[in-house]
Structures are given as C-alpha cells and as structure tokens.
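Excluded from the calculations below are hydrogen atoms, water molecules and symmetry mates; all remaining heavy atoms, backbone and side chain alike, are included.
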Amino acid sequence: MKRVFSGIQPTGDIHIGNYVGALRQWVSLLDEYDCIYSVVDYHAVTVEYETSEMGQRSLDTAIILLACGLNPEKCHVMVQSHVPEHTELAWVFNCVTPVGEVERMTQFKDKSKQHRSNINMGLMDYPVLQAADILVYRAGFVPVGEDQVQHVELSREIARKFNGRFGQIFPEPEAILSCAPKILGTEGRSKMSKTLGNYIGILEEESEMWDKLRTAVTDVNRVRRSDPGDPEVCNIFTMHRAFSPEEAHSELDKGCRTASIGCIDCKRILFKQMMAELTPIREKALLLKNDRAYVMDALKQGAKACRAMAAETMEEVRTALGLLKA
Ligand code: TRP
C-alpha cells in the first residue's frame with residue numbers, strides 16, 4: 001500500500017480549523033493508504049514554550065487524533081521524539097540542503113518576524129526536519145494545507161539532492177491537498193489559529209463554543225437584520241460548507257441574500273450541525289482522557305512500529321554515506 005505521512009504540532013488545543021483542514025482528511029485516507037500520523041513535538045521546540053506543559057500538550061493532541069477516528073488498528077499514531085531517527089536523518093539532510101532554499105520559506109520568514117528575539121537555527125531548519133519526518137518512512141504522500149505545500153516541495157528537492165549525491169534511496173513525496181474550505185478565525189480575517197487566539201477548540205465547553213460562534217464576525221456589511229448579506233464573504237457560510245449537508249447550502253445562501261434569515265439563526269443551524277459531528281469525538285476524547293494507559297499504549301505501539309521502519313531506512317542511509325559500521 002502507498003504510504004502517507006503527516007504531522008501536527010502539539011498545541012493541545014485542536015480547533016475546528018485543524019479538524020476540517022487536516023484531521024478529517026487524515027481519517028478519510030485510512031482505508032486506501034498505509035498511514036503514519038505524528039505529533040511533532042521537536043518542531044514545537046523552535047519557539048519559546050513552558051517545559052512543564054509540553055508533555056501534556058502532546059498527550060492531549062494524541063487523544064484528539066485517536067478520538068477523531070485515527071484508530072491505531074488502522075494506522076500508526078506516534079510522537080516524533082519517540083523515534084529519534086527523525087532527527088538523525090534531519091542532520092544528514094542538513095548536509096544536502098542549500099541554505100538559500102530554507103531562507104526563502106514563507107513560514108520561516110513569517111516566524112522570524114513573530115519571534116524576532118529568538119531566530120534560532122531550529123526555526124530555519126524546521127522544514128528540513130519535516131522532510132526527514134516524511135522520508136524516514138519513504139512516504140510518497142503528504143496530506144497538508146496550502147500553507148505547507150512549499151515545505152513538501154522542499155522535501156522533494158532534498159530527496160533529489162540526496163539521491164543524486166548518495167544513491168537512490170528516497171521517493172519524491174507529493175502533497176495531497178485538502179479540498180476543504182479554509183476556515184477563518186472568529187474575527188473573520190485571518191486563518192483560524194491557536195496562536196492568534198481566534199479559534200473554537202473542539203474540546204471546549206459547549207457553552208464556550210456557542211459563545212464564540214454567536215459573537216463571530218459575519219459579513220461586515222450586513223449591519224441590520226434587514227440588510228441582505230453576501231455568503232461569499234461570510235466565514236459562517238464557509239463553516240456551513242464544512243459542516244452542513246450540501247442540500248442546505250443553497251437555501252442558506254438565498255436566505256442570507258434576501259435577508260429572510262438572520263445571522264444568529266444561521267449560526268444556530270450551523271452550531272447544531274457542528275455539534276452533531278463533534279459530539280461523538282468529544283465523548284470519545286473524554287473517555288480517553290480518563291484512560292491514559294490506553295493512550296500511552298497506543299503511542300508506544302506506534303513508536304515501536306515506526307522505529308522499525310525508520311531504523312531500516314537509516315541503515316541504508318549510513319551505508320550510502322559510507323560510514324564506519326558500529
Ligand atoms: N509543519 C506542519 C504544520 O505546521 C507540521 C508537520 C511537521 C508536518 N512535520 C510534518 C506535516 C510532516 C506534514 C508532514 O502543519
């Protein structure tokens with residue numbers, strides 16, 4: 001079976017943007033691909049963080065992955081730092097990656113602006129570690145959002161450079177782009193994100209979620225209830241596209257354009273649909289939170305299987321490099 005790899009940062013607080021943009025697609029690939037999904041904790045070390053919280057963040061993120069349906073019987077769920085071959089391969093990749101290539105990465109440039117006082121080597125090396133994540137399993141397919149396509153392209157180049165210099169070991173991985181609509185934050189301007197604080201977490205209290213949705217920005221030009229709205233510029237309509245059945249879209253579209261439906265009613269309908277899909281996930285997550293042993297065991301199994309695959313790749317890599325065998 002063709003192999004898929006993808007990773008998610010251990011934010012601990014997965015939101016509906018992550019869910020629609022990534023996790024839902026990850027689940028959809030389970031039957032057709034041999035999938036490895038990782039909580040990429042070493043990537044999170046590139047920025048300042050509270051060390052006493054990191055372990056819990058990884059655990060909470062893993063719980064959400066499992067609760068969403070990434071069943072450990074059907075795929076490998078693992079924590080990046082549990083398989084040290086990722087960072088080992090990253091070193092080798094460092095030696096074939098031109099500095100100019102990583103310097104022009106959009107995410108590096110953005111993060112350098114956000115963290116001016118801590119522009120460390122890891123921040124710059126981030127996409128090289130990402131390439132190692134993928135290629136240590138020789139995965140050919142990488143489900144990601146638009147913002148990560150540049151990094152997947154860099155992994156292709158790294159694979160090419162390595163193969164050219166040391167021999168054909170790695171495939172050139174391809175991004176699998178999700179066709180999911182891009183959900184903006186509750187302020188309706190930037191992409192929903194944990195760091196921007198404009199998110200609706202999938203495990204938040206139901207009343208908290210409704211509060212955030214109730215006060216979320218819609219079409220800014222629709223001021224009074226009687227004003228017609230434009231669904232095309234409304235983040236709530238985008239969320240309907242993600243959560244409501246297709247048949248409902250045209251009616252909501254018409255209702256908005258003719259002002260026969262108000263924003264608050266539109267949000268109520270959305271919330272109902274959203275909760276219908278999220279409630280089973282929330283319940284499962286709650287069960288898992290109370291069963292740490294099960295979750296840790298799933299991660300242990302994941303790491304064990306992944307280490308076996310990664311160790312095999314690294315053996316070949318060390319041979320290709322001509323290193324003295326231990
Ligand atoms: N950089 C990715 C993101 O921010 C996370 C990630 C790390 C990843 N390693 C990966 C995604 C490997 C795909 C494959 O979303």
Glu88/Arg318 ion pair, N-O < 4.0 Å: yes
With sequence neighbours excluded, residues passing side chain to side chain donor-acceptor pair (under 3.5 Å) with Asn18: His15
Using atom types as modelled, flag every donor-acceptor pair under 3.5 Å from a side chain in residues 260-268 to any protein atom, sequence neighbours excluded.
residue	atom	partner	partner atom	Å
Ser260	OG	Thr258	OG1	3.2
Asp265	OD1	Arg268	NH1	3.1
Lys267	NZ	Leu213	O	3.3
Lys267	NZ	Arg214	O	2.8
Lys267	NZ	Ala216	O	2.7

Worked check of ring-ring contact (aromatic ring centres under 6.0 Å, His included) between His86 and Tyr137: CA-CA 9 Å; His86 290 232; Tyr137 304 110; 5.3 Å; yes
Which residues share a side-chain contact (heavy atoms from CB on, under 4.5 Å) with Thr106, sequence neighbours left out: Asp110, Gln150
Pairing of Glu146 and Lys191 as salt bridge, 4.0 angstrom limit: no
Qualifying side chain to side chain donor-acceptor pair (under 3.5 Å) pairs with a residue from residues 115-126, counting only residues at least two apart or across chains: Gln9-Tyr126, Glu48-Asn118, Asn94-Asp125, Asn118-Asn120
Side-chain donor-acceptor pairs under 3.5 Å in residues 180-187, sequence neighbours left out?
residue	atom	partner	partner atom	Å
Glu187	OE1	Asn198	ND2	3.1
Glu187	OE2	Ser190	N	2.9
Glu187	OE2	Asn198	ND2	3.4

Interatomic spacing from CG in Leu323 to CD in Glu315 - rounded to 0.5 Å: 10.0 Å
Any residue meeting side-chain contact (heavy atoms from CB on, under 4.5 Å) with Leu324, in chain and number order, not counting sequence neighbours: none
Over 12 foreign heavy atoms within 6.0 Å of CD, Glu232: yes
Nearest-0.5 Å distance that lies between atom CG in Leu29 and atom CD1 in Ile176: 5.0 Å
Connected-component partners of Val220 among ILVMFWY, side-chain separation under 4.5 Å: Val217
Hphob cluster co-occupancy, Val102 + Phe93, side-chain heavy atoms under 4.5 angstrom: yes
Residues Asp133 and Gln80: side-chain donor-acceptor under 3.5 angstrom: yes
Geometric class of the Tyr37/Trp26 ring pair [parallel <30°, tilted 30-60°, perpendicular >60°]: parallel
CD/Glu50: more than 12 non-hydrogen atoms of other groups inside 6.0 Å: yes
SB check Glu316 Arg138 (cutoff 4.0 Å): yes
Within residues 278-301 or reaching into it, pairs that qualify as side chain to side chain donor-acceptor pair (under 3.5 Å) - sequence neighbours excluded: Asp60-Lys289
Set of residues satisfying salt bridge (charged side-chain N to carboxylate O under 4.0 Å, His left out) with respect to Glu172, sequence neighbours excluded: Arg156, Arg160
Presence of salt bridge, Glu205 and Lys212, under 4.0 angstrom: no
From CG (Leu66) to CD1 (Ile281), nearest 0.5 Å: 12.0 Å
Arg225, CZ atom: more than 12 neighbouring heavy atoms under 6.0 Å: yes
Distance (rounded to the nearest 0.5 Å) between Met274 CE and Lys272 NZ: 14.0 Å
Cluster overlap Val144 with Val20, hydrophobic side-chain contacts below 4.5 Å: no
Partner set under side-chain contact (heavy atoms from CB on, under 4.5 Å) for Asp34, not counting sequence neighbours: Met1, Arg3, His76
Met296 with Leu70, same ILVMFWY side-chain cluster at under 4.5 Å: yes
Nearest-0.5 Å distance that lies between atom CD in Glu206 and atom CZ in Phe271: 4.5 Å
Path from Met105 to Met121 over hydrophobic side-chain contacts below 4.5 Å: no
For Ser28, all residues meeting side chain to side chain donor-acceptor pair (under 3.5 Å), sequence neighbours excluded: none
Straight-line distance of Phe141 CZ to Phe5 CZ, nearest 0.5 Å: 15.5 Å
Side-chain hydrophobic cluster, 4.5 Å single linkage: members besides Val40: none
Residues Asp41, Arg57: salt bridge by 4.0 Å N-O rule: no
